[in-house]
Amino acid sequence: MIKAVRGTRDLLPPETALWNFVESTARQVFRQYNFQEIRTPIFEETQLFARSVGEETDIVSKEMYTWEDRSRAASEKGQSLTLRPENTAGVVRAYIEHKLWERPGVQKLYYMGPQFRRERPQKGRYRQFYQIGAEAIGPPSAGSESPLRDAEILEMLATLLDRLGIRNWTLELNSVGSASDRPRYFQALKKALDTVVAKMCADCQRRAVTNPLRVFDCKVPEDQPVIDKLPRISDYLDDASRAHFEEVQEILKSVGVPFVINSRLVRGLDYYTRTAFEFTHGALGAQNAILGGGRYDGLSEALGGPKAPGIGFAIGEDRLVMALEASAEKTSTPPDVYIAPMTGMNREAARLARELRSQDLIVELGDESFRIKKSLETARKLGARFAAIVGENEVKTGQFALKNLQNGEQISVPRNELAQSIQSKR
Ligand code: HAM
């Protein structure tokens, strides 16, 4: 038997109804904050991720699905391609490629779709997973650096989680400093690492040389007490970075979005500057980050674009749905009515189904070969609220037997009032 590949999975009904509920709620909320959808390709040139997410990150160094795409003609060059492990890089590439800075204001773009990382699969961690994300990016003159942008995005996320009915989330906030804060901090961090790095894991020893901030991504338990004593970036912010971060916090307080400061939070991608954040949820176990994001003020320039500070986030939809299941209100909608045709009545039943569906009802259609008893049993199992019986007599008189499957009551209803009778009991 051929099975789904390790780390991938099929999403089946009724769970897919939850996914749809999440996605449609997100679309509504994003529209209210004036975000619009962008769709970028699922694969990109490998270089794009290496240059944005960073060579030394776990994502780029260990987890990407990369292949050499051979040329198909002498005129074509072979190239290294990668299934996207995240979507910020693709959005910023598109921003540059389509000169989106020529459009008015800050570009506020959202996306939904699969991402791919070759991580060790476990609960809440998959190799094909789904993100719902958004980015606000634009020239500084459009206000893209304003702390109001950061706070607006965080407040939007709080609104979305609340609307989805997800409680008990925690917003963890940090500032990872601007490009001008980094050299001073790296100097201090490297100095501190020099004295302890020999006791750390092999990955950390390498990171200490190539990209010391990545030491904070280490998950090795023995290294944690050492990491806890390393200098924190938050102590190395200059006045401008500090003021920016304080203003983000003040706006959050003024709109009533609770947060905690986590000065160890650096996020696992290299492009972040200044505000960085994660929302965690208690019911999720080890993989408790429902979403993460932050500012990436230098990313556009790193990819050859103009100065275009930005901030964004990505929600792990798999984890969000898990959190919803944990706080479970089920949202799958059963059929309004099950149409049960008597012998020889399939064509009439199809006509009636078409009529009722055109009036916005969810209709399931049985088959004339079923006996009435089997039809009603099937209708009940599907959770249908009503069954309508289609026999010769019904069609001739235009009066249909409508059975309420919740209380067993059966009434006779004229054809043109069927939809209304069913709707009135919704
Ligand atoms: P990230 O923290 O790598 O950030 O991923 C965001 C979220 O995606 C995580 O918090 C988690 O919920 C989910 N996620 C990541 N890996 C997996 C996995 N293997 N299985 C299931 N869920 C997963 C980014 O991707 C950034 N692009 C976010 C961003 C947008 N920053 C600025 N703009």
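In what follows, every heavy atom counts, from backbone to side chain, and hydrogens, waters and symmetry copies are set aside. Residue numbers count from 1 along this sequence. Atoms within each ligand, like the ligands themselves, are counted from 1 in listed order.
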Those protein residues which place at least one heavy atom below 4.0 Å from ligand 1: E86, T88, Y111, R117, E119, G124, R125, Y126, F129, Q131, E135, R267, L269, Y271, Y272, A289, I290, L291, G292, G293, G294, Y296, G312, F313, A314, G316, R319

Candidate pair E37 and R27, rule side-chain contact (heavy atoms from CB on, under 4.5 Å), full reasoning: CA-CA 9 Å; E37 186 170 8; R27 284 179 197 280; 2.8 Å; yes

Quiz item: cation-pi between R295 and Y272, 6.0 Å / 45°: no

Cation-pi check, R117 onto F129 ring (under 6.0 Å, within 45° of axis): no

Whether Q205 side chain and M200 backbone form a donor-acceptor pair below 3.5 Å: yes

Under 3.5 Å: donor-acceptor pair, side chain of T82, backbone of T66: no

Flag if over 12 foreign heavy atoms under 6.0 Å of CD, Q79: yes

